[in-house]
Amino acid sequence: MCNIQRDVVLTIKERRLKWLGHVLRKPPEYLPRQILLVEPISYWKKRQGGQRKNWWNLAKSDLEPIGGFRKFGHRWSTQWLAFAEQLAQDRTTWSKKVSKIIDAGRGGNA
């Protein structure tokens, strides 16, 4: 991947994580938080021919460098949101973790 493409991907990832932290710090009655945390309806059908990554899967994979399977093992798939919610409550810590993820993607010292 060329540098420009990598920078675009990392910028999108950074903004996605910053927005996730912003929403997770809001109270439960905040509408964007309610929409973000909604469970899929049981009669929704998966797309034929393979499942595309959704916003949740992307956010979860973005957070793997600071949590992920190494830290949580098999529990990561169910506990990543609780981990992110706890981490996001401290804005400074969340910002440092996001920067660490982005720096690692750029090849910097994380």
Side-chain angles (χ1 to χ4, degrees):
M1 184 182 315
C2 75
N3 288 341
I4 294 172
Q5 287 175 324
R6 187 184 68 216
D7 288 344
V8 169
V9 168
L10 289 173
T11 299
I12 292 169
K13 181 185 287 192
E14 180 179 27
R15 291 184 182 180
R16 181 171 42 240
L17 287 173
K18 285 183 177 184
W19 189 78
L20 176 64
H22 169 74
V23 170
L24 291 178
R25 282 189 293 275
K26 295 292 183 180
E29 58 274 358
Y30 184 61
L31 186 60
R33 181 185 170 108
Q34 291 175 2
I35 293 169
L36 182 68
L37 299 179
V38 71
E39 291 291 323
I41 299 172
S42 61
Y43 60 82
W44 285 357
K45 295 187 179 189
K46 288 188 176 183
R47 181 184 175 93
Q48 187 176 5
Q51 185 68 20
R52 290 185 180 172
K53 278 199 167 187
N54 59 25
W55 197 92
W56 277 112
N57 290 336
L58 291 171
K60 184 167 84 172
S61 66
D62 290 346
L63 288 172
E64 282 184 6
I66 59 169
F69 190 79
R70 287 184 186 169
K71 185 171 184 178
F72 291 93
H74 294 291
R75 296 174 300 147
W76 176 246
S77 62
T78 58
Q79 294 185 351
W80 76 273
L81 185 59
F83 169 73
E85 204 164 19
Q86 181 182 12
L87 199 60
Q89 295 310 309
D90 181 3
R91 188 173 298 177
T92 305
T93 302
W94 181 261
S95 180
K96 286 179 184 177
K97 295 292 185 179
V98 169
S99 294
K100 182 178 180 178
I101 292 168
I102 300 305
D103 288 346
R106 287 195 173 109
N109 297 330

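Reckoned from all heavy atoms, side chains included, excluding hydrogens, waters and symmetry mates.
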Quick check: closest heavy atoms across [X] and [Y], and the distance to 0.1 Å?
| X | Y | value |
| --- | --- | --- |
| L63 | A84 | CD1-CB, 3.6 Å |
| R33 | R25 | NH1-N, 4.4 Å |
| D90 | T93 | OD2-OG1, 2.6 Å |
| K71 | I66 | CD-O, 4.2 Å |

message: Applying salt bridge (Lys or Arg N to Asp or Glu O under 4.0 Å), can you list everything that pairs with R91, at least two apart in sequence or on another chain?
response: none
- request: State whether the side chain of R15 and the backbone N or O of I12 hold a donor-acceptor pair below 3.5 Å, judged by distance alone.
  value: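 Not confirmed, R15 side chain does not pair with I12 backbone.
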query: Counting distance only, does the side-chain N/O of Q89 pair as donor-acceptor with the main-chain N or O of L24 below 3.5 Å?
result: yes
For the residue pair [X] and [Y], establish whether any side-chain heavy-atom pair is separated by less than 4.5 Å.
| X | Y | answer |
| --- | --- | --- |
| W94 | L20 | yes |
| R6 | V9 | no |
| L10 | I101 | no |
| W55 | R16 | yes |
| K97 | P65 | no |
| Y30 | P28 | no |

task: Check whether more than 12 heavy atoms from other residues, nucleotides or ligands sit under 6.0 Å from atom CD of Q79, and answer yes or no.
output: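 Atom CD in Q79 is packed in, count exceeds 12.
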query: Is it true that atom CD1 of I4 has more than 12 heavy atoms of other residues, nucleotides or ligands lying nearer than 6.0 Å?
result: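 No, not enclosed.
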Single-linkage hydrophobic cluster, 4.5 Å side-chain cutoff, F83 and W56 together: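 Per the 4.5 Å side-chain linkage, F83 and W56 are co-clustered.
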query: Taking ILVMFWY side chains as joined if any heavy atoms are under 4.5 angstrom apart, and letting links pass through other members, which residues group with L58?
result: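 Answer for L58: none, a lone residue.
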query: In Å, rounded to the nearest 0.5 Å, how long is the span from CD1 of I102 to CD of E14?
result: 5.0 Å
task: I would like to know whether D7 and R106 meet side-chain contact (heavy atoms from CB on, under 4.5 Å); could you show each step before the answer?
output: CA-CA 8 Å; D7 288 344; R106 287 195 173 109; 4.0 Å; yes
message: Going by the rule side chain to side chain contact (heavy atoms under 4.5 Å, CB included), which residues pair with E64 if we only count those two or more places apart in sequence or in a different chain?
response: W76
task: Give the intermediate values and the outcome of side-chain contact (heavy atoms from CB on, under 4.5 Å) for residues S77 and K60.
output: CA-CA 8 Å; S77 62; K60 184 167 84 172; 3.9 Å; yes
